[in-house]
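Structure record follows, encoded as structure tokens.
What you see below is based on every heavy atom in this structure, not just the backbone, and it leaves out hydrogens, waters and symmetry mates.
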Amino acid sequence: MDKMKYRMFTWPENPEEFGIYMVCEPQYQLNNIGQYEYTDIGPLCRVYTGSGVFFGPDAVEWFNALQVMMATRVPGELVHPVWGTAEVAYLTELRMAQESRPDYIKYSFTFREADEKGSIPKLPEYED
């Protein structure tokens with residue numbers, strides 16, 4: 001199976017878990033009598049989440065590569081071999097689990113899809 005990719009990074013092993021959720025936030029506007037009225041549905045925002053393990057002598061390098069990409073705040077193409085491609089996505093969350101060690105890093109991530117201008121729609125509160 002092909003590997004998941006983000007910008008120039010290719011996962012050595014695909015994440016163990018991967019999910020996508022989509023949100024369109026309702027839009028409201030204050031009317032002339034001080035009440036909120038529904039005006040439209042907002043833009044679609046896709047959120048990609050997942051988790052896995054980097055293992056072996058390069059585990060720290062792989063995790064650090066993702067940290068550097070996140071720190072640059074530059075969007076890129078996110079490609080999943082089964083679930084398709086997000087043309088413009090930001091890495092918005094990267095976590096290392098407590099039980100990690102130099103040759104075994106348990107991680108999780110969140111990517112948010114951006115529009116063609118690089119803007120990410122605001123998300124409502126979301127509970128898993």
Side-chain angles (χ1 to χ4, degrees):
M1 176 187 280
D2 288 337
K3 304 293 184 194
M4 189 166 122
K5 298 175 187 172
Y6 178 62
R7 291 175 49 191
M8 73 287 277
F9 182 82
T10 301
W11 266 251
E13 298 294 328
N14 285 332
E16 295 168 356
E17 294 186 21
F18 185 82
I20 304 171
Y21 69 90
M22 290 146 276
V23 178
C24 291
E25 185 174 327
Q27 306 292 301
Y28 299 91
Q29 189 171 30
L30 201 56
N31 65 19
N32 58 359
I33 60 171
Q35 295 178 331
Y36 285 98
E37 291 181 348
Y38 170 79
T39 57
D40 200 357
I41 192 77
L44 174 70
C45 183
R46 287 183 183 90
V47 180
Y48 303 86
T49 61
S51 62
V53 174
F54 293 134
F55 55 88
D58 297 324
V60 171
E61 252 180 72
W62 293 322
F63 187 79
N64 286 342
L66 288 175
Q67 286 188 87
V68 168
M69 281 191 261
M70 186 172 180
T72 66
R73 298 180 180 166
V74 174
E77 183 179 70
L78 175 64
V79 179
H80 190 280
V82 175
W83 303 112
T85 300
E87 299 293 329
V88 182
Y90 285 92
L91 178 56
T92 59
E93 186 174 320
L94 181 63
R95 294 181 182 208
M96 178 191 308
Q98 182 175 350
E99 62 266 24
S100 296
R101 52 189 187 273
D103 62 343
Y104 179 91
I105 295 182
K106 189 172 181 180
Y107 66 87
S108 62
F109 59 79
T110 301
F111 289 90
R112 295 218 2 225
E113 187 175 41
D115 64 20
E116 61 280 347
K117 297 176 192 169
S119 297
I120 300 174
K122 182 182 180 306
L123 289 177
E125 293 299 315
Y126 179 78
E127 303 263 337
D128 242 352

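Contact annotation: the side chain of Leu94 never approaches that of Met69 to less than 4.5 Å [non-hydrogen atoms, C-beta and beyond]. When side chains are defined from C-beta on, Pro12 does not count as touching Asp58, because their heavy atoms never get closer than 4.5 Å. Side-chain contact between Met4 and Leu78 is present, with at least one heavy-atom pair separated by less than 4.5 Å. Looking only at side-chain heavy atoms (C-beta outward), Asn14 and Lys3 come within less than 4.5 Å of each other.
When atom types are taken as modelled, the side chain of Thr110 and the backbone of Thr92 share no donor-acceptor pair closer than 3.5 angstrom.
You'll find the ring centres of Tyr6 and Phe111 inside the 6.0 Å limit.
Two different hydrophobic clusters hold Phe63 and Tyr104 under the rule that ILVMFWY side chains link at heavy-atom gaps under 4.5 Å. Residue Tyr38 is grouped with residue Leu30 when hydrophobic side chains (ILVMFWY) are merged at heavy-atom distances under 4.5 angstrom, including chains of intermediate members. Residues Ile20 and Val82 share a hydrophobic cluster, clusters being chains of Ile/Leu/Val/Met/Phe/Trp/Tyr side chains in contact below 4.5 Å. No continuous path of ILVMFWY side-chain contacts below 4.5 Å connects Val47 to Ile41, so the two sit in separate hydrophobic clusters. Neither Val74 nor Tyr48 shares a network with the other; the hydrophobic side chains, linked directly or stepwise wherever heavy atoms of I, L, V, M, F, W or Y lie under 4.5 Å apart, form separate groups for each.
Side-chain contact annotation: Asn64 with Glu61, donor-acceptor N/O pair under 3.5 Å absent.
No more than 12 heavy atoms of other residues, nucleotides or ligands shown are found within 6.0 angstrom of CZ on Phe55.
The line from CG of Asp2 to OG1 of Thr10 is 10.0 Å long, rounded to the nearest 0.5 Å. Taken from OH in Tyr90 to OG1 in Thr72, the straight-line distance is 9.5 Å, to the nearest 0.5 Å. The distance from the OG atom of Ser108 to the CZ atom of Arg95 is 6.0 Å, given to the nearest 0.5 Å. Atom CD of Glu99 is separated from atom CZ of Arg101 by 9.0 Å, given to the nearest 0.5 angstrom.
Ser100 approaches Met96 most closely through the heavy-atom pair OG-CG, 3.3 Å. Closest of all the heavy-atom pairs between Cys24 and Gly42 is CB-O, 3.8 Å.
With sequence neighbours excluded, the residues forming a salt bridge (Lys or Arg N to Asp or Glu O under 4.0 Å) with Arg46 are Glu113, listed by chain and number. Every residue was checked against the side-chain hydrogen bond (donor to acceptor under 3.5 Å, both in side chains) condition with Glu16, not counting sequence neighbours, and none meets it.
Between Tyr107 and Trp11, the ring planes are tilted. Angles from 30° to 60° get that label. Note on ring orientation: taking the six-membered ring where Trp is involved, the planes of Phe109 and Phe18 are tilted (angle from 30° to 60°).
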Could you walk me through whether Leu66 and Phe54 pass the side-chain contact (heavy atoms from CB on, under 4.5 Å) test, one step at a time? CA-CA 12 Å; Leu66 288 175; Phe54 293 134; 3.8 Å; yes
